Amino acid sequence: MRTSEAVSLASGRRVKIDEIAGLLRQAAPDEISVAVAFLSGELRQRQIGVGYAALGGLLRPPAPAAPGPAGTDPAAAGPDAAAGTLTLAGTDSVFAAIGATVGPGSQAERRRLLGILFGRATPAERSFLTRLLAGELHQGALEGVMIEAVARAAGVDAGEVRRAHLLGGSLPAVAEAALSAASAAREDEAASDDAAAVAALAALRAFRLEVGRPLRPMLAASAPDVVTAFERMSPAAVEWKIDGIRIQVHRQGPEVRVFTRTLDDITARLPEITRAVLASPAQDLVLDGEAIALGPGGRARPFQVTASRAGTQAAPGQEGPDVPLTPFFFDLLHLDGRDLIDEPATVRHALMSEVLPADLRVPRLVTGDVAEAEAFFADAVGRGHEGVVMKSLDAPYAAGRRGGEWIKVKPRHTLDLVVLAAEWGHGRRRGWLSNLHLGARDPAGGFVMLGKTFKGLTDEMLRWQTGRFLDIAEPPGQRPGGDLADARGVLGVRPEMVVEIAFDGVQASPRYPGGLALRFARVLRYRPDKQAAEADTIDAVRAIWDGRVSGG
DNA sequence: TAGGAGTGGCC
DNA sequence: CTTTTGC
DNA sequence: GCAAAAGGGCCACTCCTA
């Protein structure tokens, strides 16, 4: 707790690392994983069904704790029950109990448990718990800082911790392994820091790629077009960027597991992926790819269709899903006992070609020729995919990194839209009007809201637009003494400001009035030279939506 | 029993 | 998922 | 170059409530 406060107050990254390392060094072995999880903004349970809304009112008053059934109340039975201050282990066990609470009446029971926990907490602890459960720690330190802190506490290089983490150990588990090995060595050999570091290193090196345990997928940087990407690497492997969900598939003999980008196990939901991978002649595989719903002619269906299918729990007894997903693999990280992540991309790809048929591999072109690559890009987009990913030929598989070895290229649309309202920002944007409500002009009169964006705004633009919007706030009579927004922080403005918006595409919307919304909208610049009457119309948006079928 | 609110997880 | 900012 | 923090739309599932 004190560590979190100190970490929040410290502005420098180095100081934060030192603070956390100090805590980890003196933490009891069984508290390390909880401390690491909490201070990097996570719960060991990952989620327990408590979010922002469930926290209402808990922050201020020490909630009067209704007594639970004696002996069955984990909140009261924790080791910290009598103390005025919470312990890590006790708090973790309450979270576990909350997460295990399901079924009718569970919401009230969760709330009761939360109330007991908060009732025993100091004000500072209540603040920390609230931020932790809301997923907004705001202490300027999450996973990245924690990795370095663990390394510092164990006396090893941060790269060693990072590698263990990326190769599939959860960070709390990695930290526990390294630090308990270190502290055991310290006790055995009379406080020798060297011996502790050696022991920690051995524990970290024991984390290796393991078939059946997911690792952090490699990510891609981005470039505006193929030409720019070629400036950073040429020749390159150019692959379709499939508009589906990322899958990492592990096969060990007959056993197959399918994981998402965030390492969730979704095997049960995608039996067709398992079947496809079992068709390979290889026995042990770790594959990286994308799964997508395809329509007639192999055309990509809208992302929403894939998302719906991938998110649906398999109905028991029903085998053939009505919307099957097709896997497209683009990398091979392990083959029959041999780890490949440190091999060059060409070697990995060649091996993958040996064990997977072409229709399970992402379409790919190796070239240094701009025209060829652009034609390939246009074809991919024409088939309804997102664009291409260009990959350096000799790069190893950099788990969890977004370096320049993979570069994604997507088409970008642009429209001049009108700001209909703005919302007051939070965190470092407190005091500024931040999130913009965007509308297209309706030729019949008025504007059609298409979504919101807060992206692309620099601090200078935020400052400027806050002043500007307050000047055109609606209704005008309420300023400055009156309400500066409604209950949700929304300030309506006269539809006068035209802003140039970039976005990736148009999607069907069940909630916006035009039935359409923008995907990944961000601000490029304001258009002070334009009047609202000159803004783009909803017809222009519909044209993009209609055009998606024939591409572009 | 339908609809809404809340949460979690994709992009 | 995209973008800006600070280290 | 990396990490952190701004927050977007949509989908499925669960629990509560007219």
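Chain naming here is simple, since letters A, B, ... match the order of the sequence lines and numbering starts at 1 in each. Computed from a predicted structure; not experimentally measured. FYI, side chains are in, hydrogens and waters are out, and symmetry mates aren't considered; it's all heavy atoms of this structure.
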Nucleotide nearest A:Asp504 when distance is taken to its side chain, options C:dT5, C:dT2, B:dG6: C:dT2
Taking atom P of B:dC10 as reference, at what distance in whole Å does atom CZ of A:Arg309 sit? 15 Å
Return the 5'-most residue of the pair A:Val50, A:Gln107 with respect to DNA chain B, ranking by each residue's nearest nucleotide. A:Gln107
Among B:dG9, D:dC10, B:dC11, which nucleotide sits nearest the side chain of A:Ile245? B:dC11
Any A:Ser509 side-chain N or O less than 4.0 Å from OP1/OP2 of D:dC10: yes
Which comes earlier along DNA chain C counting from the 5' end, the contact point of A:Glu386 or that of A:Arg429, where each point is its nearest nucleotide? A:Glu386
Pi-cation contact, A:Phe330 with A:Lys391 (under 6.0 Å, within 45°): yes
Between A:Asp536 and A:Arg441, is any pair of side-chain heavy atoms under 4.5 Å apart? no
Check every atom of B:dT7, D:dA4, D:dC10 against the side chain of A:Pro510 and return the nucleotide holding the closest atom. D:dC10
Sugar-phosphate, base or nothing in reach of A:Glu136, heavy atoms under 4.0 Å: nothing
How would you label the contact of A:Gly404 with the nucleic acid (heavy atoms, under 4.0 Å): base, sugar-phosphate, or nothing? nothing
How would you label the contact of A:Arg14 with the nucleic acid (heavy atoms, under 4.0 Å): base, sugar-phosphate, or nothing? nothing
Base, sugar-phosphate alone, or nothing: which one does A:Thr306 contact when heavy atoms must sit under 4.0 Å apart? nothing
Looking only at side-chain N and O atoms, does A:Arg13 come under 4.0 Å of OP1 or OP2 in D:dA3? no
Establish, with yes or no, whether the OP1 or OP2 oxygen of C:dT4 is under 4.0 angstrom from a side-chain nitrogen or oxygen of A:Thr458. no
Choose from B:dT7, D:dC10, C:dT5 the nucleotide whose nearest atom is closest to any side-chain atom of A:Tyr512. D:dC10
Think A:Gln304 has a side-chain N or O under 4.0 angstrom from the OP1 or OP2 of D:dC10? no
Across the strands shown, which category fits A:Gln139 at heavy-atom distances under 4.0 angstrom: base, sugar-phosphate, nothing? sugar-phosphate
In whole angstrom, give the distance that lies between atom CG of A:Leu518 and atom P of D:dG7. 19 Å
Using a strict 4.0 Å threshold on nitrogen-to-oxygen distance, state whether A:Asp243 and A:Arg519 make a salt bridge. yes
A:Arg401 CZ to D:dG1 C1', straight-line distance once rounded to whole Å: 9 Å
Within the 4.0 Å heavy-atom criterion, would you say A:Ala307 contacts the bases, only the backbone, or no part of the nucleic acid? nothing
Calculate the interatomic distance between A:Lys455 atom NZ and D:dG9 atom P; express it in whole Å. 9 Å
The side chain of A:Phe520 is closest to which nucleotide in this list: D:dC2, D:dA4, B:dC11? B:dC11
In terms of heavy-atom contacts, does CZ of A:Arg163 have more than 12 from other residues, nucleotides or ligands at under 6.0 Å? no
How is A:Gly12 classified with respect to the nucleic acid when contacts are heavy atoms under 4.0 Å: base, sugar-phosphate, or nothing? nothing
State whether the number of non-hydrogen atoms from other residues, nucleotides or ligands found under 6.0 Å of A:Arg412 atom CZ is greater than 12. no
Reckon A:Ser308 touches a base, only the sugar-phosphate, or nothing at all at heavy-atom distances under 4.0 Å? sugar-phosphate
Please state whether the phosphate of B:dG9, meaning OP1 or OP2, lies under 4.0 angstrom from any side-chain nitrogen or oxygen of A:Arg46. yes
Distance in angstrom units between A:Glu290 CD and B:dC11 P, rounded: 7 Å
Which part of the nucleic acid, if any, lies within reach of A:Asp243 when heavy atoms closer than 4.0 Å are counted: base, sugar-phosphate only, or nothing? nothing
Measure up the A:Phe128 and A:Phe38 rings against each other and bin them: parallel (under 30°), tilted (30 to 60°), perpendicular (over 60°). tilted
Once you apply a heavy-atom cut-off of 4.0 Å, does A:Val523 come out as touching a base, just sugar-phosphate, or nothing? nothing
Using a 4.0 Å heavy-atom cut-off, does A:Ile292 contact any base of the nucleic acid, only the sugar-phosphate backbone, or nothing at all? nothing
Just checking A:Ala521: base, sugar-phosphate only, or nothing, at a heavy-atom cut-off of under 4.0 Å? nothing
Using atom types as modelled and distance alone, determine if a side-chain donor or acceptor of A:Arg246 lies under 3.5 Å from a backbone N or O of A:Thr260. no
Give me the ring orientation class for A:Phe328 and A:Trp240: parallel if the planes are under 30° apart, tilted from 30 to 60°, perpendicular past 60°. tilted
With the side chain of A:Val102 defined as its heavy atoms from C-beta on, choose the nearest nucleotide among C:dT5, D:dG7, D:dC15. D:dC15
With C1' as the reference atom in both, quote the distance from D:dG7 to B:dC11 in angstrom, rounded to an integer. 14 Å
If you check every side-chain atom of A:Arg522, which of C:dT3, B:dC11, D:dC15 has the closest atom? C:dT3
Expressed in angstrom and rounded to an integer, what is the separation of A:Ile147 atom CD1 from D:dA4 atom C1'? 13 Å
Nearest to the side chain of A:Thr312, heavy atoms from C-beta on, is which of D:dC10, D:dA12, B:dG9? D:dA12
Reckon A:Lys408 touches a base, only the sugar-phosphate, or nothing at all at heavy-atom distances under 4.0 Å? sugar-phosphate
Nucleotide D:dC11, atom P - distance to CG of A:Asp264 in whole Å: 20 Å
Starting at CZ of A:Arg511 and ending at P of B:dG4, how long is that distance when rounded to a whole Å? 14 Å
Side chain to side chain contact (heavy atoms under 4.5 Å, CB included) for A:Val323 and A:Ser308? Distances and angles first, verdict last. CA-CA 9 Å; A:Val323 181; A:Ser308 165; over 6 Å; no
Phosphate contact (B:dC10 OP1 or OP2) by A:Arg246 side-chain N/O below 4.0 Å: no
Side-chain N or O of A:His426 versus OP1/OP2 of D:dG7: is the shortest distance under 4.0 Å? yes
Is there a side-chain contact between A:Lys410 and the phosphate of C:dT2, meaning an N or O under 4.0 Å from OP1 or OP2? yes
Just call it for A:Ala54: base, sugar-phosphate, or nothing, with non-hydrogen atoms closer than 4.0 Å on any strand. sugar-phosphate
